[in-house]
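Just so it is clear: chains get the letters A, B, ... in the order the sequence lines come, proteins before strands, and each one is counted from 1.
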Protein chains: 2
Amino acid sequence: MPMNEALQGIADGGHAAHAHTGAWVAGVLRARISAGQLPPGSKLSEQKLSEALGVSRNTLREAFTVLAGESVVQRIPNRGVYVAAPGADDVREIYRVRRLIEPAAVLWGDIDEAALAGLEAIMDKAQAARVTASVQGMADANQDLHKALVALSGSASLSDLMEKVLAEMRLVFHAMGPTPDFHSHYVDRNVALVAQLRAGQRDEAAAGLRRYLDDSEQELLVHLGVAPSSGR
Amino acid sequence: MPMNEALQGIADGGHAAHAHTGAWVAGVLRARISAGQLPPGSKLSEQKLSEALGVSRNTLREAFTVLAGESVVQRIPNRGVYVAAPGADDVREIYRVRRLIEPAAVLWGDIDEAALAGLEAIMDKAQAARVTASVQGMADANQDLHKALVALSGSASLSDLMEKVLAEMRLVFHAMGPTPDFHSHYVDRNVALVAQLRAGQRDEAAAGLRRYLDDSEQELLVHLGVAPSSGR
DNA sequence: GCCGCAAGATTGTTCAACAATCTTTCGGCG
DNA sequence: CGCCGAAAGATTGTTGAACAATCTTGCGGC
C-alpha cells in the first residue's frame with residue numbers, strides 16, 4: 001500500500017495553530033486525494049494519519065466526518081475509512097446529476113455578456129492545451145467549463161453539488177490508472193456549445209449538451225469494462 | 001430562550017449503545033429542529049446538550065459537524081452552534097435550486113406508470129387534507145409531491161439535495177411563527193401539473209411548474225417583509 | 001455615560017483510557 | 001491435508017478530564 005510515502009511531509013507548511021484544525025485537516029486530505037496521492041481504496045488509519053499530520057485522533061475523526069459527508073471517503077463502521085473508489089454505478093449516478101443540472105442551467109440560467117466572455121476564455125485555454133497536447137490542461141479546462149455552466153444557475157448549492165460531482169470524477173480517473181486522453185475529441189463540441197450560447201440558441205445547446213453527456217458516460221463505462229447498453 | 005423545556009426528555013427511548021452514537025445524535029437533533037422544537041436561532045450549548053442527551057462533548061461535536069455540513073445548524077468559531085435561521089437571501093437560493101432541478105426532472109426524468117400512480121396518490125392525500133382543512137396535511141403532501149418530482153430524475157444525490165432544501169423550507173416556516181395557510185391555493189395547480197404529466201405534456205408541465213415556483217417564492221418573500229421585485 | 005480590564009464561562013484541541021469489534025494466528029480435529 | 005474455532009492482537013468507537021484560546025459579563029475608573 002503506497003500510503004506511507006504519500007504521507008511523507010504531508011504536514012509541510014506548518015498549520016495555523018488554533019484555527020479550525022479539523023477543517024484544515026479535511027482540506028489537506030481532500031487536496032491529497034484529488035491530486036491522486038491517496039489512491040481510491042486506500043485505507044486511512046487513524047493512528048498513522050494522526051501521527052503524520054500532528055493532530056489528535058479526535059480532531060482527525062472530525063475531518064473524517066466532514067469528508068464522509070462529501071462522500072470523498074467511505075466510512076465502514078468498526079473497520080475504518082477508505083478513500084472512495086467509485087464504480088460503474090457511481091459513474092451512472094454522476095451522469096444522472098450532470099445530465100440534469102447542466103442542461104437546465106444552460107436552458108434557464110442567467111447568461112449575460114460577462115458569463116459568455118468567461119466561457120469563451122475557458123475554451124481558449126482548452127484549445128491552447130490541445131495544441132500543446134497537455135492532457136492535464138484539457139482536463140482542467142473541461143472541468144472549468146462545466147463548472148461554469150452550472151454557475152450560470154446562480155446557485156451556490158448547485159455549484160457545490162457540481163464541485164462534489166467533479167471531485168468524484170477525478171477519483172474515477174485516478175482509479176483507472178494512467179489517464180488516457182478523454183478530452184481532446186470533446187473540445188470541439190464544447191466550443192460549438194459555447195458558440196450556440198453566444199447565438200442565443202439555448203434549446204439546441206441544451207440538447208447537444210445532453211447528447212455530449214450521454215456519449216461521455218458511455219465512453220467512461222466502456223473504459224471501466226462495462227458493456228455499453230443501448231437503452232438506459 | 002425556550003431551549004430547556006424543548007430538551008426535556010429528549011433522550012427518551014434509550015439509545016442503542018455503541019452503534020453510531022454520533023449519527024444517532026445528529027438524527028435526534030435533526031428531527032427536533034425539523035419539528036420546530038428547537039427554533040431557528042437557538043443556541044445549542046455543548047455542555048447542556050451533552051448532558052441532556054447523555055453523550056460526551058466529543059461525540060456531540062461530531063454530530064455538530066454532520067449537521068453543519070447539511071447547513072441545518074450554523075457554526076460560529078469560538079462562539080458556538082446555532083440552529084440555522086434562513087433569511088430572504090436563503091429563500092432566494094432555495095428557489096434558485098428548486099426552479100432548476102424540479103422542472104428539469106419533469107422534463108427529462110423517467111416517468112413510468114408507477115411514478116404517475118405515486119404522484120396521483122400524493123395529490124389524493126393533499127385534496128383530502130384540504131377537505132379537512134388540515135394545514136399540516138397539505139404541507140406534508142406538498143413536500144412529498146415535490147420530493148417525488150425530483151425523484152423522477154432517478155438520482156439519489158439530487159433527492160438528497162431536495163431533502164436538504166425542503167428541510168431549510170421548514171426552517172423558514174418555523175421562523176415565521178404560527179404558519180399561515182400557504183398551501184391550499186396551490187393544491188389545484190399541483191393537481192393540474194400531475195394531470196399534464198399523465199397526458200405526456202412535459203414541456204407545458206415544466207413551464208407551469210416554473211411559474212408556480214416563481215409565485216410561491218414571491219409570496220414567501222412578501223411574508224418575510226421583502227418588497228416584491230418585478231425582475232429577478 | 002463610556003472605556004478598559006479582570007473574572008468567569010464557553011469553545012477548540014489534546015491526551016489517556018476503556019469497550020466493542022474486527023483481524024490474525026495458532027492449535028485441535030476430522 | 002484442510003477446515004473450524006478460540007485466544008491474542010490490532011483498530012475503531014466513545015468517554016472523561018485537562019488545558020489553551022476566545023468570547024462574554026460585570027465592575028471600577030474616568
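Where DNA chain C pairs in unbroken runs of 3 or more (Watson-Crick or G-U, both distances under 3.5 Å), the stems are C:1-30 with D:1-30.
Note on A:E93 versus A:R96: salt bridge recorded, some NZ/NE/NH1/NH2 to OD/OE distance being below 4.0 Å.
Residue A:Q47 contributes atom CD, which lies 16 Å from atom C1' of C:dT14 at whole-angstrom precision. Here the P atom of nucleotide D:dA21 and the NE2 atom of A:H20 are 16 Å apart, to the nearest Å. The distance from atom CD of B:E46 to atom P of D:dT14 is 17 Å, rounded to the nearest whole Å. Whole-Å rounding puts the A:K48 NZ to D:dA10 C1' distance at 11 Å. Following rounding to the nearest Å, A:E51 (CD) and D:dT11 (P) show an atom-to-atom distance of 11 Å. At whole-Å resolution of the value, CG in A:L53 and P in C:dC15 are 13 Å apart. If you measure from atom CD1 of A:I76 to atom P of D:dT12, you get 12 Å, rounded to the nearest angstrom. For the pair A:W24 CH2 and C:dG12 P, the interatomic distance rounds to 18 Å; values are reported in whole Å.
Every residue two or more places apart in sequence or in another chain that forms a side chain to side chain contact (heavy atoms under 4.5 Å, CB included) with B:A104 is listed here: A:L100, A:A104, A:W108, B:W108. Taking the side chain to side chain contact (heavy atoms under 4.5 Å, CB included) definition, one finds that B:A115 meets it with B:D112, B:L152, sequence neighbours left out. By the side chain to side chain contact (heavy atoms under 4.5 Å, CB included) test, A:D89 pairs with A:R92, sequence neighbours left out. In this view, A:A148 and A:L119, A:I122 satisfy the side chain to side chain contact (heavy atoms under 4.5 Å, CB included) rule, not counting sequence neighbours. Every residue two or more places apart in sequence or in another chain that forms a ring pair (Phe, Tyr, Trp, His ring centres under 6.0 Å) with B:Y186 is listed here: B:Y212.
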Can you name the atoms? Protein N/O to nucleotides 24-26 of chain D N/O, anything below 3.5 Å, with the distance.
{"from": "D:dT24", "atom 1": "OP1", "to": "B:R79", "atom 2": "NE", "distance (Å)": "2.8"}
{"from": "D:dT24", "atom 1": "OP1", "to": "B:R79", "atom 2": "NH2", "distance (Å)": "3.3"}

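With C:dT14, C:dT13, D:dG13 as the candidates, the nucleotide lying closest to the side chain of A:T21 is C:dT13. Closest to the A:N78 side chain, of the nucleotides C:dT11, D:dG13, C:dT14, is D:dG13.
A salt bridge (Lys or Arg N to Asp or Glu O under 4.0 Å) check over residues 167-177 of chain B, counting only residues at least two apart or in different chains, returns nothing. Contacts classified as salt bridge (Lys or Arg N to Asp or Glu O under 4.0 Å) and involving residues 137-163 of chain B (residues at least two apart or in different chains) are given here: B:K125-B:D144, B:D144-B:K147, B:K147-B:E163. Within the structure, no pair that satisfies the ring pair (Phe, Tyr, Trp, His ring centres under 6.0 Å) test touches residues 75-101 of chain B, not counting sequence neighbours. Residues in residues 56-72 of chain B take part in these salt bridge (Lys or Arg N to Asp or Glu O under 4.0 Å) pairs, two or more places apart or across chains: A:R61-B:E62, A:E62-B:R61, A:R75-B:E62, B:R30-B:E70, B:E46-B:R57, B:E46-B:R61.
Residues from residues 57-72 of chain A lying near DNA chain C, meaning a heavy-atom separation below 4.0 Å, are A:R57, A:N58, A:T59 in numerical order.
The shortest distance between the side-chain N/O atoms of B:K43 and the OP1/OP2 oxygens of C:dT11 is below 4.0 Å.
Between the OG atom in A:S134 and the NE2 atom in A:H183 there is a gap of 10.5 Å [rounded to 0.5 Å].
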